[in-house]
Structures are given as structure tokens and as C-alpha cells.
Amino acid sequence: MKKIPIIIDCDPGVDDSYALALANSHEGFEILAITAVEGNLPASVTRRNALCIREELGINCRIGYGAEMPLKKEYTRGAASVHGVSGVGTFVFDEPKLAPDEMPAWEIIYDEAVKHKGEMILFAVGPLTNIAICLEKHPDLPQLLKRFVIMGGGTFGNVSSTNKTAEFNIWVDPHAAKYVFEKMDVWMVGLNVTHAAAVEMTDFDEMVEICGNAKNARFIRELSTFSKKNCMETGADNNVIHDAVAIACVMDETVVGFEDHYVFVEDGDCDNIGQTVIDFEKKSGKAPNCHVAMKVDQKKFVNIIKDMCRHYAQK
Ligand code: RIB
Ligand code: CA
């Protein structure tokens, strides 16, 4: 079977790490590059994590360093309470031996999209700053991609108790997100679906058990241990493996159901900045520009995650 070439733009991040591990375990994908953006942690952290995860998981791909700051907003807050200050819970990487690519993230994305014209799937599971910069420099990017899938947005928010409408990835860089939604055909896996796919604490127990003492599964085992502990001790949403749902929906098209709607991103200086406003009632008169994830088979998703653990345990 011909592998689908993919790039994952991310802000690792615990759930980003699960997503990278999941994509790497799927025989139908060839990971061409992992590109890092500011988000869960500052770019200095997400960049190093991308570099280390490549070697920890044995992925033969390019690493692209991307944006350190949103296009216009200040980078005011990360999510260390969910991911730990290192961004990967309590895991300690070996020192990376390989360097990142000389090209910045947005040039790698375009370079590979040209080389794999019409075949490459681009995943973005962090803020959309790198994607927006790539679009600004290379307006023909949309025509070169097979598909563009994001984890972000949705029908509700998770940024704060006052802003209940914005999802973190969109909120960090709403100006980039607005531009991307205006230019790209977006497959949006939002919070409404990722929360519906939440795993149970007993699932984490089973993931740890499946990983056992296998060296190649140590990263996933420690992420699973941290996810359960952090979730139970702090109430953080580590049981919602957001970014992995975006990967799983392409691995098995029956996992997530989508509806086509017009979506715009609120980027004004207002209480709901960062909201993905979904025109369910077709009041805008505008044609749909987004495939909105609306349903998920949670059991199928959990089984995919456990199969991933088996992959590394048996590697
Ligand atoms: O809102 C959840 C998203 O924000 C996930 O991608 C998580 O990794 C953070 O980037
Ligand atoms: Ca992420």
C-alpha cells in the first residue's frame, strides 16, 4: 500500500506527543516532517521536544523550527498546568544527536507540498501561526495539499472561565487562524469531538500495562502515567487526548463524522476572541468552508490508542 506523506505542525505538548506516536505507528503514513510552533509551552520548549521526540520514537523525518510568537497578539500564556513545564510530563529525553532542518517550518511545509503535489496531508495540532506564514509566502499552498486537518476550535471553548467560547490553539493566534480559515479547506476536529472521545482512567492503566517494560514504549508509558496522575490530582483534561483524535480520523475514516458549514474566526478585541463561529443555521449566506467534526466513536478511538501502545511494546 502506498504511504500517505504527512507533516504534523504541533506544540508538543503531551497530547501532541501521543499524536506523533500514533501517526508514526500507522503503516499508512510517511512522516516527512514535524514542525514546531509556540503554544502549550514557549517555542524554545516545543522546538526541543519536537527534536527529541523524533529520536525517541525513531522517526526518520525533518524537524522544522517555526514561529516563536503569534502574528499580532502577545504570547501571554502556555499550558504547563496540563503538560508540565517540560511539555512532556515527567519524561526526560536523552540528549538529541540530530539537528533541526536549516529551513524554517513554513518553508519545509511548502517544500514538501511541492515535492508531493496533491498527495500530502498537513496536520496542524497547535496554534496556526506557521500555517498562516506559509500561506502568506506561498498562496498556492492549498492547491498542493491532499487534505488539511486541524485540532482546534469547536462548538465551545477551553481558554478560561470568562472566555468559554475560544479553544486554546485558535485563541493563541486568532489572526493566523482567521487567515487560514479564509484561505484553506479545513477539516476541523474541535473540542466538541475531542471531549466526546475522552478516555477513562482505567484506559490509562491498560496503556501502561500494554507498554510494560519495553524500551520502545517507555515514552508512551510515562506519558500515560503522567496523564492519569495529573488528571486525577489537578482536574486537568489530560483524559482528553485532543491531538490524537485529529490523526485517528484520517487513519480510520469511520472514527469521526463531519458536517460541512461556514466557519469564521473571531479575531476582534472582544470577549469571544478566538471563537470558531459555526454557521449551523446557514444565516451567513456563505458557502461552507469547513468540514466540522460533529460525531466520534469513542470506543474505536480508545482501541486505536491501545493498538498504538501494542505497536511500541512489540517494536
Ligand atoms: O485545546 C487543545 C489544544 O491546545 C491541543 O492541541 C493541545 O495540545 C493544545 O495545543
Ligand atoms: Ca497541540
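Counting starts at 1 for both ligands and their atoms, following the listed order.
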* Asked: Is the shortest N/O to N/O distance between E167 and ligand 1 below 3.5 Å?
  -> yes

* Asked: Is G126 close to ligand 1, meaning an N/O of one under 3.5 Å from an N/O of the other?
  -> no

* Structure fact -> Honestly, for T194 the part within reach of ligand 1 (heavy atoms, under 4.0 Å) is neither

* Asked: So, H138 and E107: side-chain donor and acceptor under 3.5 Å apart, yes or no?
  -> yes

* Structure fact -> For V125 and N169, the nearest pair of non-hydrogen atoms, with its separation, is O-ND2, 3.4 Å

* Asked: Which ligand 1 atoms, with their elements, are less than 4.0 angstrom from a heavy-atom of N158?
  -> 1 (O), 2 (C)

* Asked: the Ca ion (ligand 2) is nearest to which N, O or S atom of D11?
  -> OD1

* What protein heavy atom sits nearest atom 10 (O) of ligand 1, and how far off is it? -> N169 OD1, 2.7 Å

* Would you please name every residue forming a side chain to side chain donor-acceptor pair (under 3.5 Å) with S227, sequence neighbours left out? => Y18

* Structure fact -> Checking distances from the Ca ion (ligand 2), one finds that the N, O or S atom of D16 closest to it is OD2

* Considering only N, O or S atoms of D243, the one closest to the Ca ion (ligand 2) -> OD2

* Asked: What protein heavy atom sits nearest atom 9 (C) of ligand 1, and how far away is it?
  -> N40 OD1, 3.1 Å

* In chain order, what residues pass the side-chain contact (heavy atoms from CB on, under 4.5 Å) check against A43, with sequence neighbours excluded? -> E38, T46, R47, E68

* Any side-chain donor paired with an acceptor under 3.5 Å for Y312 and N24? -> yes

* Could you verify whether a donor N or O on one side chain and an acceptor N or O on the other, from N289 and H261, lie under 3.5 Å apart? => no

* Between T35 and N130, does a side chain to side chain donor-acceptor pair (under 3.5 Å) hold up when you go through it step by step? -> CA-CA 8 Å; T35 52; N130 291 339; 4.7 Å; no

* Modelled atom types, side-chain donor and acceptor of D260 and H291, under 3.5 Å -> yes

* atom 6 (O) of ligand 1: the protein heavy-atom neighbour that sits closest, reported with distance to 0.1 Å -> D243 OD1, 2.5 Å

* **Within-cut-off N or O pair, D15 and ligand 1, under 3.5 Å** => yes

